[in-house]
Every structure is written in structure tokens, then in C-alpha cells.
Amino acid sequence: MDNFNGIEPPMDTVGNIRVNNARIMCNNVFVHYSDKRAIDNLSLDIEAQKVTAFIGPSGCGKSTFLRCLNRMNDTIATCSVTGEILLDNQDIYAPEIDVVPLRARIGMVFQKANPFPKSIFDNVAYGPKIHGLAESKSHLENQVEEALRRAGLWEEVKDRLDQPGTGLSGGQQQRLCIARTIAVSPEIILMDEPCSALDPIATAKIEELIEELSEKYTIVIVTHSMQQAARVSHRTAYFHLGRLIEVGATKELFTSPHHKLTENYITGRFG
Amino acid sequence: MTNTPDNAPKSAILSPQDAEARVRASMATRRNRETRFRMWGIAAIALSMCFLVTLFGTIMSKGIPGFFQYYVTLDVTLDRERLDPAGDLSDQSLFDGDARGLVRDALFSTLQVSGRSNRKAAGKLISLGSDERLRDYVRTHPEQLDSEQSLKFALDDDVDSFLRGFISRDTPESDRRINDKAIGFIDQLQEAGLISYEISDYLFFGSASRNAEMAGIKGAFIGSILTLAVCLSLAFPIGIASALYLEEFAPKNRLTEIIEININNLAAVPSVVFGILGLAIFINIFGLPRSIPLIGGMVLALMTLPTIIISSRAAIRAVPPSIRDGALGIGASKMQTTFHHVLPLALPGMLTGTIIGMAQALGETAPLLMIGMVAFIVDIPGSITDPGTVLPVQIFMWADFAERMFIQKTSSAIMVLLAFLVVMNSFAVWLRKKLERRW
């Protein structure tokens, strides 16, 4: 295995990996599962208050990389991450960093909606409760209401906050999970294929929501659907076999891809 | 079939017609096989049902009569002088009194016996526990002293067996445990309508006794409850904590692997080995007294720990990882994730495992024999440090006694044990239903 401790020059990514207004800066990131390399020397900036989409075929490492951004990979014992992921010029993988406040700042929405088996209210209130964000019961109630409003779910659930969250429809559950994330007041929201299990109408609602949320939050979304990336994101990164092939403004990337692999993928000729 | 690849080059895939013919030809065999398999299944179920019915039939047919026993009603004169010579109703005074003589006198006057040998035969009819029963009566009814009362006394176990027909009149006198004279007295009492067949209070409220008619399960029952309480309060928290740590917190390395293998192996260790361990460690090294429910519970806790840990780990593993991700993803710490989300979801499964372990512990005899819980203890244990025994050991001891009446009592005790188990399991099912969140 070659020497990869940041000494190797970044792999040739087509497009500008740096942006002016970067919220997260990743430099020479490598991820391994045991001996298997999942992310190969990746450098990329995540732009603040914008939606960045990661696209690419299955197994290309886009979800793995996303999970690095809030250290959710820590739960996998065999996973090791090297390189720098800087948030406010501080490497989030530095030993002095505690993942608990980090994950409160960088929230995550998962592929499969995973509401807790609790009431709708308790689902959203859980984050503020464990972090001590609410000063009183009414404050907490207001926080829950606002989170649900921002997630576009309030009107649908305001009369049944004590009902189980798992009793909602798939799309509602996913928005509940978004509300749960928002309630902790994160700066960045990571979304791992949030619409892959949803029907087109629920998907449209989530996409609309992502657009609204991008005014307040920095969003990174992994998606299998190129149309979705084209619709919701400002910047798109194309991954292939653990490498970041091309990155650029979404419009540009989809209309005039520079790399052959990117072109093949977005024109559906990938093989 | 007719065409081999040698004489005619042909496609390896059969034509639809050929294939259909072959399928049809094979159908009869297939159907037969299926029918045969079904028959085997039905036969297997029928056989196991047979065994079950026989088991329950035997236990019930022996055990239900064991819940009853024969009593004789006697008019006893509660003579103050003779019963309570010191006049203060103290235990010592009552003990010094002649309760036994009063009961015997009542019996003799009812039967109108005279002569030493007749009295001896008649005296054997009633239980040896009758004097204690009279003393108890006086203790609770001191105002009735110096009056005549109709009181019920248990008959001796041989008389009981005779009345049940286990001892036949036709057997030669020398071969039966009850002689002709006694039979005559019994007939006399029966004609007078003084013998009654009633629910046995000795069985439920009596303690261990060598006299079959007086033997009861109360001591063993209380012993079982105390032992299980100790066992549960040790094994449940330790087991759950071990399972949670191993599943959620422990690094996956060689050491934890070895621990895991050893816990699994521990589940297969014969229970008597745990008894030897308890004897060696708790009694010999720590010097705790033997025969006490505390040690019994500790030994049984050692035995049930693997069961609880294994089933708890399975329950924890069954909690969907997405729930953990959800909690971790909004910044819950490992411990918050575990205690707020994993534990509540795994708890029903953990409880099931615990109840299975407890049921095992309830029925366990061998390890308790090793630590001396087989001792003959008449007193009912009042705390976990009083010597006592447990139901299965009591059953084991009774099964060993020769008296006819102990056979029924053994079956009755087995029924009580089974009822205890059913109650425990229903409680577990209820608790599970209550804790289980269907959403």
C-alpha cells in the first residue's frame, strides 16, 4: 500500500475543489475498511449555505465520505480515516475533538427514515432535551413546533403530536427526521439518500424543503438520482470507485461535464 | 430418455413435450413423499401429545387427591389445668401441659376403648401433630378453655392410605401397616360419621415433616421465593449490564471474543458443577452458613447468568442499527443512545431470557443439594439467611420416602411447582406485552 499520509499529491479531480466560502475543507482524505480502500485521497470544500450533492454509482464511496463529515464512521470498528477534515480550521478527527458536540453541529438524515419508537413530540424534543437546549417546558414546545414548521410537517401533525412517529407515512417520517435534526440547531445537515425510499410526491416535498433549508443551513446530500442532484444542489461532486472525479457548479457539470467518466454517468451510458 | 447425446446430437434442454412427460412421471413419487412426510409429522406430534397427556394425567391423578386428606372430628374437653399448668398461656406452659393426653382421651371416649393394647392401637389412628394442633387452637381461642369443643384432627398417614383403599382388608394382618383392631376402630368412627375428607391444611401450611400426614410445602415454597429473589436481584442487573457492555461498549478484540466464548460455554456447564463451585467458594472460602437461601440464590444466579447474558445480547442485537444511528446522528452520547433507545427496545427480549433463566433456577435441584439445602428443616425460613429448602428439593426428598401418602404429596408438590412456573411465565408475558412497543 502506498504512502498516503497526506504526502501524496491530491488525485486529479476535474474542476475547482476549492470555494471562497468554505464551511468544511477536506484535504487528502483516505478511508479504509480494514485493508480495503474506500476513499482515495480526496480533497474538497463544502460551500456554506449551499447544497452540495454527491453522485456516483453504487459503492463509489459517496456515503462513506458523507459519514466522515460528522464522524458517524466511528461506529464501524474497522473503519479508519486519515487526512484532514477541517471545520472552522479545526480537524474534526483531532484527538481532542468530542464527537457529541460535533454531531450536534453537523446533523444527519439517513437513507431510511428512522424515527424513534416514541411520540412525534418526543422524537423532535429528544435532541433539545439531551443537549439541554430548552429552558422550560414551553420553550421546548416552541422549539418542537418551529422545527416541525421548518421541516414542513407542522400542519400535518399538530393535532397528533402524542401519536407514534412510526405511524406516519414514509415521507412524513423522513421530514420528522429532518425536524429532529433541525431541533438541535445544527449548522450543517448531511443527508444520505433521503428520498430513496419515497414516492415521487413525498420526494418532491423533501426537495422543496431542502431548497428552503439551504437558506439557513449548509447541506450535503448524497443521491442516486441525477435529476434530484440537478434540481436541488448548487454544486455537484461525482465519485467513482472511491475517487472524486469531478466537481463543479451543478448546471455546468450536468450540461458540460469535462471528464469522460462523469459524462458517461450522467448520460446514462455508465458501464 | 430414448435419445442419448451419442446417437443423435441434440439440445441438452428437453423439448416441452418431453419435459412435461418427465414431470408428470415424477409426480406420483413426489406426492407420495410429501404424504409420507406429513404422516411422520402427524405421528410425531401425536406421540409427543401422548407423552404430555400421560405426564399431566399421572401427576394430576396422583396430585389432586394429595390436596385432600382425612380428618376425624373429636369432642375435646379443653381442661385448663391439664393444658396450661402455669396458667399464663405461654409456649412453655402449653408445652408442659398434656395436650396429647386430652386428644387421646377424647378419642378413647368416642371409641369407648379400654385396656392397654386397645388404647395403643387407637392412639395410633390420629396424627402425631394433633397435640400441636390443639395447642394452636388454645393459643388462638383462650376464651374457650374449660369448655368442650368439636375439633378436627388429621388421621395418621397409614389410616389415610387405608381409607383411600391403598391398603386392602384382604391382605393378611401381618403384611399390612394397619392391624385388625385399628380397622375396627376406623369402621366405628366412620359409622359415627366422624371421619371427613377435606382440603389438606397441612399440605399448604405445614413444613417439612417425617410424618406424611403432617408434611407440607410452605417452608419449601417460602424457601423457593427467597432463593429466587436473591437469584433475580443478582443475575438480572449483572446479566443486563454485561450484555449491554459487551454489545454496545466493548471493543471487538481477542479478549472480548474469549469472554464471549466462555460465557457461551458456561451455559452448557452441568448445574451440579455450579453447586460444587458454590460449596467451595461461598461456604468454604467465605465461610457463609450452609443451607441458606442466600447461597442458594447466589449459586443459581451463577447458573442463570449465561442464559440471561446470551438472550439479552440477542435482544440488543435485534434493535435496528438505524435507531442507534438516529440518536448518534443528533449528538446523543454512546450511553444516552444505549439507555434511551437500545435498552427500552431490548428490554422485552431481555425479560424473556430472564424469565427462562428464573424458570430453570426454580426447577433446579442438583446445585442446591451440594450446598446443603437438602437438609431436613422444619422451621419456615423467615429471611435469606435462615436455613431452608426449595420446592424441587422438597419433591426430591418426598419422592424418596416410603410412605404411601408421600407419593400423593410429591405429585401435589409438583403441581404447586408447575403452578408457580405458570404464574411466573404469565407474569413475564404480561410484563412483555406491557413494555413492548408495537410502534
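If you're wondering where the values come from, they're calculated on a predicted model, not measured in any experiment. The sequence lines fix the lettering, A, B, ..., with proteins before strands; numbering per chain opens at 1.
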Given A/T75, A/V100, A/V99, the one that forms side-chain contact (heavy atoms from CB on, under 4.5 Å) with B/L328: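 For B/L328, the side-chain contact (heavy atoms from CB on, under 4.5 Å) test succeeds with only one of A/T75, A/V100, A/V99, which is A/T75.
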Should we say atom [atom1] of [X] is surrounded by more than 12 heavy atoms from elsewhere, each under 6.0 Å from it?
X: B/F249; atom1: CZ; value: yes
X: A/Y33; atom1: OH; value: yes
X: B/N253; atom1: CG; value: yes
X: B/K252; atom1: NZ; value: yes
X: A/E211; atom1: CD; value: no
X: B/R38; atom1: CZ; value: no
X: B/I13; atom1: CD1; value: no

Under a 4.5 Å heavy-atom cutoff, which of A/K112, A/R180, A/M108 has the most pairs with chain B?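 Among the listed options, the one with the most contacts to chain B is A/R180.
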Residue part contacting chain B, namely of [X], when any heavy atom lies under 4.5 Å:
X: A/P186; result: neither
X: A/R67; result: side chain
X: A/I106; result: backbone

Search all heavy atoms of B/L345 against all heavy atoms of A/P117 and return the closest pair with its distance.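 Heavy-atom minimum between the residues: CD2-CG, 3.5 Å.
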Give me the atom names and distance for the closest heavy-atom approach of B/H341 to A/Y126.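 Nearest heavy atoms, B/H341 then A/Y126: NE2-CZ, 3.0 Å.
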May I ask you to decide if B/I330's main-chain N or O and A/H131's side chain share a donor-acceptor pair within less than 3.5 Å?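 Here the side-chain-to-backbone pair exists.
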Assert yes or no for the condition that the ring centre distance of B/H340 to A/F116 is strictly below 6.0 Å.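 No - the distance between ring centres of B/H340 and A/F116 does not fall below the 6.0 Å cut-off.
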CE/B/M335 to CD1/A/I130 distance, rounded to the nearest 0.5 angstrom?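 If we round to the nearest 0.5 Å, B/M335:CE and A/I130:CD1 are 13.0 Å apart.
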